[in-house]
Amino acid sequence: MTFKHNFKKVLSATAFAAALVVAPAANVSAATNDASSTQQSATATSQDQQASQDQAASQSSAANQSSSTSTSSATSTSTVKKTTKKAKKTTKKIKKKTSKKKAVKKVAKKTTKKKATKKATKKATKKAKKTSKKSTKKTTKAATAAVTASAGQSQATDQQDDAAKKAAEAAAKKAAAKKKAAAKKKAAAKKKAAAKKKAAAKKKAAKKSAEKAAKYWIAMRESGGYYTARNGSCYGRYQLLISYLGGDLSKKNQERTADRYVYGRYGSWVNAKRFWLAHNWY
């Protein structure tokens, strides 16, 4: 009975020491729970083993009690070592599980953050699209209004330009018609003047011809056309008084003196001829 009580004390102390060594590395509450379950498991195992050993010890003889005590002590020490190793393994597993949990939590946090970021990004994108659509609509409306206004102004300008063009064309036509009428009038006046001039020239030519013919007719009647003919005090082609010639009996002086006499007395040779026909002299 004393051996059994001592073995329990040693086992409890060893398990507790192992739990204290491992606890700082892991989560304290989890390590304590796992250590106590491990301790209970080890205790149960050791109790089963002790029961079998007790049965073996009760069957052994009293003479070999001291040797059995030493053997049982050695067995309990190896059992403590095994329990310590098992506790360490359990602690390592707990550490791995804890680190895995932490890693999973970190990944979950990152995933959550990514999802939140994506959600926020989607929301911001939708909002930006809505804003862009609104601004695009406003811009389109403004542009349409500006185009409409510009088209109206352009149409009004075109109408003004057309009106101005038509007015300019009408003024140009009117000016052209006026110019044409003036040119026509000028041409008519010029034609009339030309006709008048022509008529005057024709009349003058006819008069000149008549004058020439009348002068020739008188010369033939007075002297037969000779510049040296003489009849008393009259001399030359036109039978002028010798005193009229002033001593110059040349043909040129006879012509000049005869013209001066006729134009001075009758106004023309035609009138002189007419007088001659009436009086047979001039």
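The two atoms that bring R230 and I242 nearest to each other are NH2-CD1, 3.4 Å, heavy atoms only. The two residues A272 and V262 have their closest heavy-atom pair at CB-CG1, 3.7 Å.
Looking only at distances, a side-chain donor or acceptor of S223 sits under 3.5 Å from a matching main-chain atom of A219.
One distance of note links CG of N253 with NZ of K251; it measures 13.5 Å at 0.5 Å rounding. Residue R221 holds its CZ atom at 9.5 Å from CG of N280, rounded to the nearest 0.5 Å. Rounding to the nearest 0.5 angstrom, the gap separating the CZ atom in R237 from the OG1 atom in T228 is 11.5 Å. The distance from the OH atom of Y263 to the CD atom of E211 is 4.0 Å, given to the nearest 0.5 Å. To the nearest 0.5 angstrom, Y282 atom OH is 5.0 Å from E222 atom CD.
A single hydrophobic cluster is not seen to contain both W281 and M220; linkage of ILVMFWY side chains at heavy-atom distances under 4.5 Å, directly or through other members, places them apart. Hydrophobic clustering (side-chain heavy atoms under 4.5 Å, transitive across Ile, Leu, Val, Met, Phe, Trp, Tyr) keeps Y226 apart from L249.
Residue pairs meeting the ring-ring contact (aromatic ring centres under 6.0 Å, His included) criterion with at least one member in residues 174-225, sequence neighbours excluded: W217-W276. Applying the side chain to side chain donor-acceptor pair (under 3.5 Å) definition to pairs two or more places apart or across chains, none involves residues 165-191. For the ring-ring contact (aromatic ring centres under 6.0 Å, His included) condition, the pairs that include at least one residue of residues 230-253, sequence neighbours left out, are Y238-W269, Y244-Y261.
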Could you go step by step and tell me if R274 and Y266 meet the side-chain contact (heavy atoms from CB on, under 4.5 Å) rule?
CA-CA 10 Å; R274 197 175 287 122; Y266 302 105; over 6 Å; no
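Within the 4.5 Å cutoff, the side chain of K215 has heavy atoms near those of the D259 side chain. Between L240 and C234 the shortest side-chain heavy-atom distance does not fall below 4.5 Å. The side-chain heavy atoms of E255 and Y227, taken from C-beta on, include a pair separated by under 4.5 Å.
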